[in-house]
Amino acid sequence: MTQQQFDEVTDPVPDEEGYARGLGSRQIQMIAIGGAIGTGLFLGAGTAISKAGPSLILSYAVAGLVIFAIMRALGELLTYRPVSGSFAEYAREFLGPFAGYVTGWTYWLFWVVTGMAETTAAAVYVKFWAPGIPQWISALVFLVILYGANLISVKLFGEIEFWFSMIKVTAIIGMILIGIGVLTLGFSDAGDTAALSNLWSDGGFFPKGIGSTVMTLQIVMFAYLGVELVGVTAGESQNPQKTLPRAINTLPWRIALFYIGALVVILAVVPWREFAPGVSPFVAAFEKMGIPAAAGIINFVVLTAALSSCNSGMYSTGRMLRDLALRGQAPGQLTSLNARKTPAAAITVSCLLMGLGVVLNYLAPAKAFEYITSVATVCGLWTWAMILICQIRYRTAWKAGHLPAPTFKAPGGPVASWAALAFLVMVIVLIAIDEDSRISLYVFPFWAALLVIGYQALKRRRPEAVVPHGHDHVHAGSGGRESGGRESGGRDDR
């Protein structure tokens, strides 16, 4: 990197929130793409294929529509008011201080536990090439490198995320192109058996029944976790009113290409019964096609995906924790920014906790760690639900004439949001039914109890931190008289 390039990476223009608006359109696009592609696709899809067969393609398509509805609802809120606190800020404005408090801390916890899991996973992937390196050393090295990058500047974070996403995208597109070549030209070891008819010839499109396909929806939804991360970048995007809608509008083709397209090709090249739980479908497909070093290639890609997730975790936890601190709902020392306009104190605290997860995973039995990380499941659902409910409340306030009309309207409006909410409720029911995933519902009540206790303590010690102010509205269904918002002369953040 030349000095000029380094200066470009580290010296963007500061924003009124104190941050630097250093994320350009190219980086936002790739952060949005990377957020939709994780280890859930590269590794988790093998389990889902074994449970549902080719009909898993339909599960990804249906879940993708719901994710698009959630993201368009988020896009409507982001163009109305692009702030770094994002989900917590909207929950605070449209549902009250307690909702903002719960959403901020829950999203922070989501990325902390995800960071714990992904750092550990990255260290495990390194053992593929260097089994002699102790796992904790690899995890520590990754944590330190990503921590340093996040402290330097938001643009450096965006650049790292851009290249991480590029590796994932290249792997999937390469898989699809090779698979199409196998299907049309018949080359490679899989040429004799590869055919589109594999999608329906062995037991039909629903070989395990429609019920089994429905049960995979809760697995599929969590492959999409992290797609909402683009919302946290709103306060640091160079032109959020243009770049964020563009990133969100590309979501349908990204889902169609990277998820549905990849699965169609994989299941056409390799008959569905040959996939096993715990085995990457990409590794299985590459090996079937006779590509050398298939396992090594995919191991590198999932290592990248894990590091990408950890990098995103440091970024989002730092912003969310600082937003809570600015509201008086976290220690005041966490509001500080370093010379490069990054929330150094908040990132440091979050990173230390992620590092604690590596130690915990080393010392504790696997089940104990599973209980901790499983809370991420319901944290993600909560965040998505808050986005949808806030968009519904925003629409109500707009219709009543209390807020400006959206410049990036979500198709279907509140109707689509209500439908997506109903889908999320169904997913919770499926989680409760499924023995393997039910654990996440056991863990969340403990987190909810901690939040309630913390909020009550906050009310006693710092009552000013839990009263509506700034953009917050009167939340009882009275229609949204503002207490310090635009009608009363408040600052317009649009």
Side-chain angles (χ1 to χ4, degrees), residues 83-117 228 231-232 313-336 343-357 359-360 364 368-369 371-387 389-390 428 439-473 475-476 483:
V83 287
S84 192
S86 195
F87 329 116
E89 278 296 299
Y90 303 136
R92 194 175 288 122
E93 177 174 353
F94 294 105
L95 298 169
F98 181 66
Y101 168 86
V102 171
T103 302
W105 279 111
T106 298
Y107 196 66
W108 173 83
L109 178 71
F110 163 63
W111 277 111
V112 165
V113 296
T114 300
M116 288 179 182
E228 75 293 322
V232 184
M314 285 188 195
Y315 172 83
S316 54
T317 51
R319 274 68 186 171
M320 200 57 72
L321 197 52
R322 180 175 183 256
D323 178 69
L324 287 162
L326 287 170
R327 291 290 183 170
Q329 296 176 350
Q333 297 90 328
L334 299 176
T335 61
S336 64
I347 291 173
T348 301
V349 169
S350 301
C351 185
L352 286 172
L353 285 169
M354 290 180 194
L356 187 64
V359 176
L360 181 65
F369 193 67
Y371 274 92
I372 294 168
T373 54
S374 68
V375 77
T377 298
V378 186
C379 288
L381 277 177
W382 175 273
T383 301
W384 289 342
M386 284 296 104
I387 291 168
I389 294 169
C390 288
I428 292 174
I439 177 179
S440 58
L441 297 183
Y442 297 155
V443 176
F444 200 74
F446 294 103
W447 174 244
L450 277 175
L451 288 173
V452 170
I453 292 167
Y455 192 76
Q456 293 305 317
L458 195 65
K459 281 175 73 173
R460 288 194 300 272
R461 294 182 60 188
R462 304 185 69 178
E464 72 279 3
V466 295
V467 293
H469 62 92
H471 281 275
D472 299 344
H473 297 78
H475 311 288
S483 57

> Measuring from atom CH2 of W111 to atom OG1 of T317, what distance do you get when rounded to the nearest 0.5 angstrom?
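Rounded to the nearest 0.5 Å, the CH2-OG1 separation comes out at 9.5 Å.
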
> Sequence neighbours left out, what pairs pass ring pair (Phe, Tyr, Trp, His ring centres under 6.0 Å) with at least one residue falling in residues 313-335?
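Pairs touching residues 313-335 that pass the test: F157-Y315.
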
> To check you understand the geometry: which heavy-atom pair defines the closest contact between R462 and A330, and what is its length?
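The answer is NH1-O, 4.0 Å.
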
> For A325 versus L334, what's the shortest heavy-atom pair and its separation?
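Shortest heavy-atom separation between A325 and L334 comes out as CB-CB, 3.8 Å.
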
> Looking at C351 and M314, what are the two nearest heavy atoms and their distance?
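Where C351 meets M314 most closely, the heavy atoms are SG-CE, 3.7 Å.
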
> Please report the shortest heavy-atom distance between A345 and S336, naming the atom on each side.
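Shortest heavy-atom contact: CB-OG, 3.5 Å.
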
> Taking atom CZ of R327 and atom CD of E89, what is their separation to the nearest 0.5 Å?
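One finds 4.0 Å between CZ of R327 and CD of E89.
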
> Evaluate side-chain contact (heavy atoms from CB on, under 4.5 Å) for D323 paired with R92, printing each intermediate quantity in order.
CA-CA 11 Å; D323 178 69; R92 194 175 288 122; 3.5 Å; yes

> What residues form a ring pair (Phe, Tyr, Trp, His ring centres under 6.0 Å) with W108, not counting sequence neighbours?
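W108 satisfies ring pair (Phe, Tyr, Trp, His ring centres under 6.0 Å) with W105 only.
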
> Tell me the closest heavy-atom pair linking T114 and A376, and the distance in Å.
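Of all heavy-atom pairs spanning T114 and A376, the closest is OG1-CB, 4.0 Å.
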
> Would you give me the side-chain donor-acceptor pairs under 3.5 Å for residues 445-461, sequence neighbours excluded?
{"residue": "W447", "atom": "NE1", "partner": "T106", "partner atom": "OG1", "Å": "3.2"}
{"residue": "Y455", "atom": "OH", "partner": "F98", "partner atom": "N", "Å": "3.4"}

> Between atom CE of M354 and atom CG of L356, what is the distance when rounded to the nearest 0.5 Å?
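Reported to 0.5 Å precision, the distance equals 12.0 Å.
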
> Where do C379 and F110 come nearest, in terms of heavy atoms and distance?
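Closest pair (atom of C379, atom of F110, distance): CB-CB, 3.6 Å.
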
> So, taking the atom named OG in S350 and the one named CZ in R322, what distance separates them when rounded to the nearest 0.5 Å?
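That separation rounds to 13.5 Å.
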
> Test of understanding: with side chain to side chain donor-acceptor pair (under 3.5 Å), list the residues that count as partners of S440, not counting sequence neighbours.
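Residues passing side chain to side chain donor-acceptor pair (under 3.5 Å) with S440: none at all.
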
> Can you tell me how far the CG atom of L109 sits from the CH2 atom of W382, to the nearest 0.5 Å?
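It is 13.0 Å, given to the nearest 0.5 Å.
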
> Under the side chain to side chain contact (heavy atoms under 4.5 Å, CB included) test, which residues partner L352, sequence neighbours left out?
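Scan of L352 (side chain to side chain contact (heavy atoms under 4.5 Å, CB included), adjacent residues dropped) gives T348.
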
> Side chains of V102 and M386: closer than 4.5 Å at any heavy-atom pair?
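Of all side-chain heavy-atom pairs linking M386 with V102, none is under 4.5 Å.
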
> Any chance you could measure M320, atom CE, to T383, atom OG1, to the nearest 0.5 Å?
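Answer rounded to 0.5 Å: 7.5 Å.
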
> Using the side chain to side chain donor-acceptor pair (under 3.5 Å) criterion, which residues pair with Y90? Sequence neighbours excluded.
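Listed in chain order: nothing, the list is empty.
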
> Check whether any side-chain N or O of T103 sits under 3.5 Å from a backbone N or O of G100 as a donor-acceptor pair, and report yes or no.
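No; judged by distance alone, with no hydrogens or angles, the pair does not exist.
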
